[in-house]
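Let me begin by presenting the structure, written as structure tokens, before commenting on it.
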Amino acid sequence: MLNSVVLTRRQKIPLALRASTFVLGLTVGFLVSCVVLLMSGVPLNAIFSEFVYQVFFTSLGQSQTITTATPLILVGLGAAAAMKLRFWNIGIEGQLWFGAMASTWVAINDIGPENIRLPLMMLAAVLAGAFWIAIPVFFKLKYGVNEIIMTLLMTYIAFQLVQHLLFGAWQDPSTSFPVSAHFDEAEKLARLGWGNAYTGIWIALAAGFAMWFLVDRTRFGYYSNAVGLNIVTARSTGLPVTAVIVISVLLSGGLSGLAGAVITSGAEYRLTQFLAHGFTFSGIVIAFVARFNPLGIIVAGLIIGGIYTAGETLKVFYSLSEAVVVLIEGILLLSLLISDFFKTFEVRIRNLKGN
Amino acid sequence: MSKAMELSGIDKSFNGKPALTNANLEVEWGEVHALLGENGAGKSTIMNVATGVYASDAGDVTLDGKKLKVTGPQMATELGIGMVHQHFRLVTRFTVAENVLLACKDQLGIRTTHEAAEAINAKAAEVGFPVHANAIVGDLSVAEQQRVEILKVLLLGAKIIILDEPTAVLTDQESNTVLEFVRKLAEQGNAVILITHKLREVISYSHRVTVMRGGETVLVGADAENLTAEELAAHMVGEQIMAIEPIDAEPGDVRLHIENLVVPNPIGGVGVEGVDINLRGGEILGIAGVGGNGQQQLADCLMGLADADTGKIELNGDDVTASSVRKRRSDGLRFIPADRSQSGIVPDMTVAENLAMTGVPDGQYGSLMSISRKTMRADAKQAIEDHNIMGASPNRSSRLLSGGNAQKLVLARELRDNLSVLIAHSPTRGLDVKACKTVHTSIKNAVENGAACLLISEDLEEVLSLSTRVAVMSKGIIVGELPMQENTREEVGKLMLGHA
């Protein structure tokens, strides 16, 4: 007797199946995460109260989740913009650093009149992020240089530059810490009056809806679909392949840079040397979980933001390490990817009768 | 003659889908028995039942008068059934002797390449064809490699030899050599089953034929001598398929003028090494030749996907050598690529989106900041109707289309509007007879309406039945050009061989 597993690609994927596999994947991911947390010494009732109740059902938790989610949504959108075109942007942090540096530069040098200072900071950040990814996309298209390596390594260059500035020219003269001077009031995004939440969330939501419009409702969106799904056909039917790739990738860098400005002007009020940490990975996870759908990215950004918020609490009260939070993020991503497999394929176990 | 193998009433289904229904086959000693049918007709399945790869759901296998159950490929080998697969199972870096040693060492009880060489030479002398035991397999021609495969099967003691499409990748002349040898094997008393979809081989080289269609054997053991190609084709597809009529059009203005075109091959090997072509409206110039002789680079360069090193391409009198794909397309150049799912359609987009692909950049489906899916769907509905694309609806994923219908989708997109020159590269590769006919008719109609067509194809049958002129491409150049005449097939074959 021989048991064999038969895989069949599903011809149609009904909405109910789509939804149920997603929910199931998320549930399994949370259950496995619970086991990890239990093993790390967090009591079961605390998991529920910290993870679910505190984060998503209390006003303070909600506001903190939204605060954390603000830059996450932006990097998620940035990751999706490039990955959709099969350009693997592993340098989101680098572009975010550049955005943070550019906004800080505008702020501490008081560039432009005060009433347009904030828009200027945002604009500078977008341009700086786009600039930092323009270099790898140029080398990729012109010489076929692998963008994964290049974007990744350029992150380190950006970080060294930040350190150079924070330990040198931009160091806050009033302290001996490696941080820049505090921003003025006109250079800060306003608080919403709800915990730490700030107007950056409107920027993130606006970016999400704008991306949705671009992808779903414009000619450019149609192009980027075709180029991402089959670049050879896109070329042979005469679509502007190179332009689509360049624009999408610059958009990816720009959004990542914008996330940097949102953090400096809305959360930190200065440039610090830790503010970009972990955003590449989170951005990719969010983009994947949402299947590159901009509106989905908003939701996924809020979920991952919640996990971070819960993680912060757990870190303080149960002395968990940062790694556990990243581990949970990874577990969720994996279980969603696995659920995707079951969505795409029908699995059956069959008895082959030997004779 | 007595029966070598008899399969009767074979049923086999996969996941509830019948692949074979009451299939019958009987092969006698000393005959070449053709097994004819289209892709998916069940030829491979019935042979897999015969060689024990699949267990049948019902039916009997009788070998040399004994009813038995073949439970696996190993047992098939022991019973003297040998299969030569379409894709050779040879290690190309090894010598012939080493390959034989690898495949037959246990059965023949040999341990060294020297012993293998002796066995090879003895067998080669016995059946009467030369094989160099010490030659590296990769250095041999495809036809010679085929011989090595056949020899391996013979060395394993096969008396019933199954050949799966042995001539699929051979030129006409090479095919003849292989098929003559196949006849000889039969004359020596073996039973040979020749799986094929080429009618010519059935008529010229087989004693009897069994035709399969949709998992059934619709013609069992008929004398091949008394059958015409038309009758065989009718059995194969279940209805009469008329041969395509010659093109009825006078050559018009020069549409495509190519001068001394040189295109490098990006992965090394043969590219285009200096090609001149003049193509007029109302003409189909067939470019015949064995694949890998620069055809892909020629097609890519004409469409604007690959840059030329030197040379000139003129479209309707304008130099388009350096023009973009988009410019060429708006000037009337269209393209049926060799690999549909790779470069013809985007399988994960809908039928409507695929049909709209060339129209979107021209603003047919909305301005820059909008996209009108409604117009797309309406246009797609029309195109699906006009071209009879089966199984398609505007919102359906193109991945779900069969090969023939995916090609109809490409045709529907490429043939519309101001078509001037059509580059058709292997337009019917992998399609069944009916779909071939549809594709050919569409191309023919377009040309009779004044378009020009460059038909690049490895399928000699296709080139000869459709073209008004035939050129042969070999090692990146056109080695000869012939008008259509009675003897073109042989002339073309000679040209293909002489420079291959």
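In what follows, chains carry the letters A, B, and so on, assigned in the order in which the sequence lines appear, proteins first and then strands, with residues in each chain numbered from 1.
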Crowding at [atom1], [X] (>12 non-hydrogen neighbours, <6.0 Å):
{"X": "B:Met390", "atom1": "CE", "answer": "no"}
{"X": "B:Asp318", "atom1": "CG", "answer": "yes"}
{"X": "B:Lys381", "atom1": "NZ", "answer": "no"}
{"X": "B:Gln364", "atom1": "CD", "answer": "yes"}

Return the option, out of [options], with the maximum number of heavy-atom pairs under 4.5 Å with chain A.
{"options": "B:Asp348, B:Val360, B:Asp339", "result": "B:Val360"}
{"options": "B:Met303, B:Gln342, B:Arg326", "result": "B:Gln342"}
{"options": "B:Gly363, B:Ser372, B:Ser324, B:Gly72", "result": "B:Gly363"}

Legend entry - Interchain contact, A:Arg217 with chain B, by part (heavy-atom threshold 4.5 Å):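 Contact with chain B is through the backbone of A:Arg217 alone.
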
Would you check if [X] and [Y] make a side-chain contact, meaning some heavy-atom pair closer than 4.5 Å?
{"X": "A:Asn225", "Y": "B:Met349", "result": "yes"}
{"X": "B:Met369", "Y": "A:Phe213", "result": "yes"}
{"X": "B:Pro361", "Y": "A:Leu239", "result": "yes"}

Relative to chain A, which segment of [X] carries a heavy atom at a distance below 4.5 Å: side chain, backbone, both, or neither?
{"X": "B:Leu368", "answer": "both"}
{"X": "B:Arg373", "answer": "side chain"}
{"X": "B:Arg334", "answer": "neither"}
{"X": "B:Ser397", "answer": "neither"}

Inset, instruction - Using a cut-off of under 4.5 Å on heavy-atom pairs, state which of A:Gly221, A:Ser236, A:Gly238, A:Pro240 scores highest against chain B. - result: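 Counting heavy-atom pairs under 4.5 Å, the top option is A:Ser236.
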
Legend entry - From A:Thr237 atom OG1 to B:Ile345 atom CD1, the distance as rounded to the nearest 0.5 Å: 11.5 Å

Inset, instruction - State, to 0.1 Å, how close B:Pro347 and A:Asn230 come at their nearest heavy-atom pair, and which atoms those are. - result: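 So the minimum-distance heavy-atom pair works out to CD-ND2, 3.9 Å.
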
Inset, instruction - Considering non-hydrogen atoms only, spot the tightest contact between B:Met357 and A:Thr233 and give its length. - result: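 Nearest heavy atoms, B:Met357 then A:Thr233: SD-CG2, 4.0 Å.
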
